[in-house]
Amino acid sequence: KIETMKEAIETLATFELFKGRDPSQFSIERLGGLTNKNFKVVDGENKYVLRIPGEGTEEYINRKAEEAAARISADVGVNAEVLHFDTSSGVQLTRFIEGAITMNEEGFKQPGTAGRAALALRDVHRSGKKFTSEFNIFSMMDEYLGILRGKNAWVPDGYEKVQEEADSVRQALAANPLETVPCHCDPLAENFLDTGERMYVVDWEYAGNNDPMWDLGDLSVEADFGADQDQELLEAYCDGNPSRENIARMVLYKAMCDLLWTLWGALQLANDNPAEDFKAYANERFERCRSLMSSKDFSMHLSVVEKTEA
């Protein structure tokens, strides 16, 4: 922990704001994070969040693309203000958002929270902007699997079989694409900060132009939404009237995000990330994906996207 705080102090010293200053003049507090080291920095009246990237993240994170997404989403008013971004190291300094609570599964059980999250995502989706990178789940699966194979690393038993079965989803979505929009693409519950009146979304590492229904499906999975929360999310996003196709696409993406993040978990395991038991994480996500894909409802939603009779 002392080493971690030392790293934070040394990193801050590279910024003009903190260069040459005595660390006793400001305070540093460690925040949460699965892959990165995050810190709240209080300097008098000013408060910041420092992000130092985790080991191995350069293998699969495009920092130039992340910076563009972070700045665009901040301009839209959804992300924290970006004060410093080093694309070579991935170090980022943002303004701390006052009066906001970091969300989690429990927090999202409060009425209105899913709706506020939907509106924040929609503000970015409908901003008229474009990010500099594309987020394609299937090419990312191929890329992650290639990295894992190159390391001769573990993946859950039966993964390839389920990925083959996901080809029908790949084909349905490719045959009936929506126009891509700027998406967060990694909407963990903890990436949402709620003031009670509006929701902010932080950590744009995986952001890219994508099908907007990905963000909704992934948030539903990450925050363990039930049917009522899914309905609140979709109704807020769609002004009260979600189409059958939007609902179906969201369900397909619920399965696909679990399949993708299964491989992400296996990558964290291969990189010896100590933040949690990533083998258990990957297995849990894989089993949830397999369960949803084998359900009758999933087949019905797939046929809606394929535009065949359910």
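As the structure is a computational prediction, the values presented were derived from the model and not from experiment.
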Working to the nearest 0.5 Å, report the span between [atom1] of [X] and [atom2] of [Y].
| X | Y | atom1 | atom2 | result |
| --- | --- | --- | --- | --- |
| E222 | M103 | CD | CE | 14.0 Å |
| L145 | T262 | CG | OG1 | 11.5 Å |
| M213 | L173 | CE | CG | 12.0 Å |
| E143 | L148 | CD | CG | 10.5 Å |
| L233 | C238 | CG | SG | 8.5 Å |
| M141 | N136 | CE | CG | 9.0 Å |

Any salt bridge linking [X] with [Y]? Criterion: basic side-chain nitrogen under 4.0 Å from a carboxylate oxygen.
| X | Y | value |
| --- | --- | --- |
| D167 | K161 | no |
| D258 | R290 | no |
| R249 | E245 | yes |

With a 6.0 Å cut-off on the ring centroids, do Y48 and F39 count as close? no
Can we call the ring centroids of Y206 and H184 under 6.0 Å apart? no
Across all chains, not counting sequence neighbours, the salt bridge (Lys or Arg N to Asp or Glu O under 4.0 Å) partners of E197 are none
Which residues pass the salt bridge (Lys or Arg N to Asp or Glu O under 4.0 Å) test with R95, not counting sequence neighbours? E81
With a cut-off of 6.0 Å (strictly less than), are more than 12 heavy atoms of other residues, nucleotides or ligands near CD of E55? no
Within a radius of less than 6.0 Å around CD of E16, do more than 12 heavy atoms belonging to other residues, nucleotides or ligands occur? no
Identify the two heavy atoms, one from [X] and one from [Y], that lie closest to each other, and give their separation to 0.1 Å.
| X | Y | result |
| --- | --- | --- |
| G208 | F131 | N-CD1, 3.7 Å |
| A282 | A266 | CB-N, 4.1 Å |
| N210 | C185 | ND2-SG, 3.7 Å |

Any donor-acceptor pair under 3.5 Å linking the side chain of [X] with the backbone of [Y]?
| X | Y | answer |
| --- | --- | --- |
| N38 | L31 | no |
| N79 | I72 | no |
| S127 | V124 | yes |
| Q92 | V82 | no |
| N191 | D186 | yes |

What's in the same ILVMFWY side-chain cluster as Y200, cut-off under 4.5 Å, chained through other members? I97, L193, V202
Short side-chain donor-acceptor distance under 3.5 Å, [Y] and [X]:
| X | Y | result |
| --- | --- | --- |
| Y253 | D218 | no |
| T180 | K130 | yes |
| D86 | S88 | yes |
| D230 | S220 | yes |
| E205 | N36 | yes |

Just jot down the ring pair (Phe, Tyr, Trp, His ring centres under 6.0 Å) partners of [X], sequence neighbours excluded, or say none.
| X | value |
| --- | --- |
| Y281 | W264, F278 |
| F135 | W214 |
| H301 | none |

With sequence neighbours excluded, what pairs up with [X] under the side chain to side chain donor-acceptor pair (under 3.5 Å) test?
| X | result |
| --- | --- |
| E284 | none |
| R122 | D239 |
| T57 | R63 |
| E67 | R71 |

Apply side chain to side chain contact (heavy atoms under 4.5 Å, CB included) to the pair F298 and V169, showing each step before the final yes or no. CA-CA 10 Å; F298 191 81; V169 179; 3.8 Å; yes
What residues form a side chain to side chain contact (heavy atoms under 4.5 Å, CB included) with A13, not counting sequence neighbours? none
Which residues share a side chain to side chain contact (heavy atoms under 4.5 Å, CB included) with Q110, sequence neighbours left out: T113
